[in-house]
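Heavy atoms only: backbone and side chains are in, while hydrogens, waters and symmetry mates are out. Residue numbers start from 1 in every chain, and the chains themselves are labelled A, B, ... in the order their sequence lines are given, proteins ahead of strands.
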Amino acid sequence: MILVLVEHEGGATTELTSQALAFGRSLAGDEPVDCVACIAPSQEIATDELGPGTLHLAEHDAYASLAPDAVAATVAGVVERTGARAVVAPGSDTGNDVLARVAARLDQPLASNCVAATAGEPARVTRTRWGGSLLEEAELDGAPLLLTVQPHAVAADVAGAPVAGVERFTPVLADADLAVRVADRVEAAGSGIALADANVVVSGGRGVGSTEGFAIIEELAGLLGAAVGCSRAVTMAGWRPHTDQVGQTGTKIAPELYIPCGISGATQHMAGCKGAKRILAIVDDAEAPILAGADYAVIGDLHEIVPAISAELRKARGS
Amino acid sequence: MKILVCGKRVPMTGGRIVLTEDEQAIETRHLGFTISPHEECGVEEAVRLVEQHGGESVVLTLGPPEAEEQLRDQMALGVDRAIHLVTGGEEWDPQATAAAIVDAIRADEAASGPFDLVVFGNESADSGGYQVGIRVAHALGRPAVTGLKGVAVEDGRVRCEQEVAGGRDVYVVPLPAVVTVKEGLNLPRYPSVPGRMRAKQKPVAATTPDRPQARLRLVRLAVPAGQGKQAEVLGRGPEAAPAVVEVLRGIGVVA
Ligand SMILES: Cc1cc2nc3c(=O)[nH]c(=O)nc-3n(C[C@H](O)[C@H](O)[C@H](O)COP(=O)(O)OP(=O)(O)OC[C@H]3O[C@@H](n4cnc5c(N)ncnc54)[C@H](O)[C@@H]3O)c2cc1C
Ligand SMILES: Nc1ncnc2c1ncn2[C@@H]1O[C@H](COP(=O)(O)O)[C@@H](O)[C@H]1O
């Protein structure tokens, strides 16, 4: 049996869980695929897409405050009880965190952010490195095999079915499993368009030159209803906060259109905008690597080009 | 406070990753090296915490002899001393890495007292396993809080802030603890010239641990296909603006 860790929000399984389920089903072949989910007593989750296997549904107050060690203890418990041959989790922040805790408890290797896997002795996996800029084929030992699934790398299989049955249980948790849990929630004051969810993103890089230089980037973003992003060169210079940084160690974006201005296109920057449908680069260097990752480009000084585009947009709107 | 920060030497790849002929590694002949920005923020935080509370900060790396360069870079920022677990240059899998770090922590703690805080990057820049810090915490029996953008120590506890959609989740755990941090936690300082001079004199304790059998074994690396498109140049300079707006219309982001 292959066990998939289900993450849920407001009663529904997350998109990344659907991807992990699809991954688990293709790894399983003819073997059954069960799910494990952890809910607080006040919660419920939809089960009509989690089948056709069994859902192991753990109920405990601790899960209301995340408690990653409690979730890991629960997953490890289900593995022990069922003899699951593999555990697959979504490659979300929490999925990677929890499965690493399961791996530590069971003293087994963990292959995180996989894009492919084949069973066997040993199993073969393909996983991402450098935030997706490089792939690694590797052999993975482990009983059970432990894997997380790279976000948005596999289609979310809709071929789910209602579960065969729900095994509800209340896990017995040690005090140590409750030490790490959310004590408080601070709401963000943030206004403006969230970078991660924006439909259009306009970013500035070192070529923008200064904090003040971003005025023209903000103007264009405003006209397009876009979020403003930037490269790491910009956050390191203190021109913009890190929350604006697009890239491997910043925010991963997936807009309809991405407009990087004065950004060279380092692999670590591109790792953050791989999800963009289209990229329009504005850069003064016709050899810049960004052009190999972009669909459209304008070559020249962004300080002239960006205001000209804004002016043209205003003209087109007749204002 | 006594604080340990773990960082991994990685190449600074530019616009394109080039592999060695045997596809076992990145071709690094023309590249500089660094540690992950997450880990750099960990170093900055450790230095600040020691400035605030007194004590000692220590950096650790498991890597080839050349990784001493990264240890010196971090000591130039104010870290007091370094532990170098010297390898032959091959990458260790996360389980083996964690085990060697645990041994080194136990040895250092036996000699000079416990670390209140052990700091990791949320994930390494190159292999991105998301696990070494958690494995070390488990082996030491200490709580681990991951992916932090805020760390504050008070009254023998550490207050940890994790960025989540719509705000921040706050965790409070007792020391000693393990935290893994993300870039954005702080804005790291630049090394000063005197800092660089002092770093040359600071102690690096080097040992050579035995490498256990890897249980996650690299077979080969590959650069993902399909990135090799070449942009259609719409024009040069501001005269390209009408063509740009035309494209924006075509995409449907402008009415
Ligand atoms: C582990 C690791 C993680 C990293 N994570 C990230 C990350 O998350 N995000 C990120 O962005 N970077 C990240 N980096 C840094 C990355 O490698 C690059 O250093 C960074 O992206 C460079 O930023 P840039 O393109 O703005 O600057 P540069 O590389 O200096 O490029 C500036 C570009 O602007 C052009 N230009 C200059 N003036 C003008 C002008 N007037 N008009 C038009 N064009 C102009 C130049 O020709 C050049 O092409 C990371 C690095 C490492 C090692
Ligand atoms: N070779 C290493 N030397 C020192 N620290 C390491 C090493 N490998 C991983 N780490 C630490 O563990 C964190 C997580 O690594 P990983 O599990 O590979 O993503 C990194 O950000 C580092 O802080």
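Interface remark: B:Ala214 contributes backbone atoms only to the contact with chain A (heavy atom separation under 4.5 Å). Contact of A:Leu110 with chain B is made through backbone and side chain together, with heavy-atom distances under 4.5 Å. For B:Val254, the part sitting under 4.5 Å from any heavy atom of chain A is the side chain, from C-beta outward, and nothing else. Neither the backbone nor the side chain of A:Ala226 comes within less than 4.5 Å of any heavy atom in chain B. Looking at A:Asp107, the atoms closer than 4.5 Å to chain B (heavy atoms on both sides) sit in the backbone and in the side chain alike. With a threshold of 4.5 angstrom between heavy atoms, A:Arg101 approaches chain B through its backbone and through its side chain. Of the two parts of A:Ser264, neither the backbone nor the side chain holds a non-hydrogen atom closer than 4.5 Å to a non-hydrogen atom of chain B. For B:Glu123, the part lying under 4.5 angstrom from a heavy atom of chain A is the side chain only.
Residues of residues 89-98 of chain B that come within less than 4.5 angstrom of chain A, heavy atom to heavy atom, are B:Glu91, B:Gln95 in numerical order. Annotation: residues 34-42 of chain B contacts chain A through B:Ser36, B:Pro37, B:His38, B:Glu40 [non-hydrogen atoms, separation under 4.5 Å].
For the options A:Arg124, A:Gln245, A:Arg278, A:Arg232, heavy-atom pairs under 4.5 Å to chain B are most numerous at A:Arg232. Contacts with chain A were tallied for B:Gly128, B:Ala125, B:Ser124; B:Ala125 has the most, counting heavy-atom pairs under 4.5 Å. When A:Ala288, A:Ala297, A:Gly300 are compared by the number of non-hydrogen pairs under 4.5 Å with chain B, A:Ala297 comes out ahead. Of the listed residues (A:Met236, A:Arg185, A:Gln268), the one with the most heavy-atom contacts under 4.5 Å to chain B is A:Arg185. Looking only at heavy-atom pairs under 4.5 Å with chain B, the residue among A:Gly142, A:Ser112, A:Pro289 that has the most is A:Ser112. Of the listed residues (A:Val180, A:Ile279, A:Leu140), the greatest number of heavy-atom pairs within a distance under 4.5 Å of chain B belongs to A:Val180. Listed options A:His269, A:Lys277, A:Gln248 were ranked by heavy-atom pairs under 4.5 angstrom with chain B; first place goes to A:Gln248.
Around CD of A:Glu187, the count of heavy atoms belonging to other residues, nucleotides or ligands within 6.0 Å exceeds 12. Other residues, nucleotides and ligands place more than 12 heavy atoms under 6.0 Å from the CZ atom of B:Arg189.
With a 4.5 Å cut-off on side-chain heavy atoms, B:Val170 and B:Arg159 count as touching. Residues B:Asp73 and B:Pro191 fail the side-chain proximity criterion, which asks for heavy atoms closer than 4.5 Å. Using a 4.5 Å cut-off on side-chain heavy atoms (C-beta onward), A:Leu302 and A:Ile216 make contact. Within the 4.5 Å cutoff, the side chain of B:Val172 has no heavy atoms near those of the A:Asp184 side chain. Taking 4.5 Å as the limit, some side-chain heavy atom of A:Val182 sits within range of a side-chain heavy atom of B:Tyr171. Side-chain contact check for B:Val102 versus B:Leu140: some heavy-atom pair is nearer than 4.5 Å.
Of the possible donor and acceptor atoms, none in the side chain of A:Ser133 sits under 3.5 Å from a partner among the backbone N and O of A:Ala271.
Heavy-atom minimum distance, A:Asp284 versus A:Asp301: CB-N, 4.5 Å. Across all their heavy atoms, B:Leu187 and A:Thr235 have their closest contact at CD1-O, 3.5 Å.
In this view, A:Glu7 and A:Ser92, A:Thr94 satisfy the side chain to side chain donor-acceptor pair (under 3.5 Å) rule, not counting sequence neighbours. The salt bridge (charged side-chain N to carboxylate O under 4.0 Å, His left out) search around B:Arg9 returns B:Glu69, not counting sequence neighbours.
Of the inter-residue distances, the one linking A:Tyr258 atom OH with A:Leu280 atom CG reads 12.0 Å to the nearest 0.5 angstrom.
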Chi angles and distances behind the salt bridge (charged side-chain N to carboxylate O under 4.0 Å, His left out) call for A:Arg181, A:Asp69: CA-CA 9 Å; A:Arg181 59 169 195 247; A:Asp69 288 314; over 6 Å; no

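Side-chain contact of A:Asn96 with A:Thr148: a donor-acceptor pair under 3.5 Å is present, judged by distance alone. One side chain, A:Gln108 or B:Arg215, offers a donor N or O that lies under 3.5 Å from an acceptor on the other.
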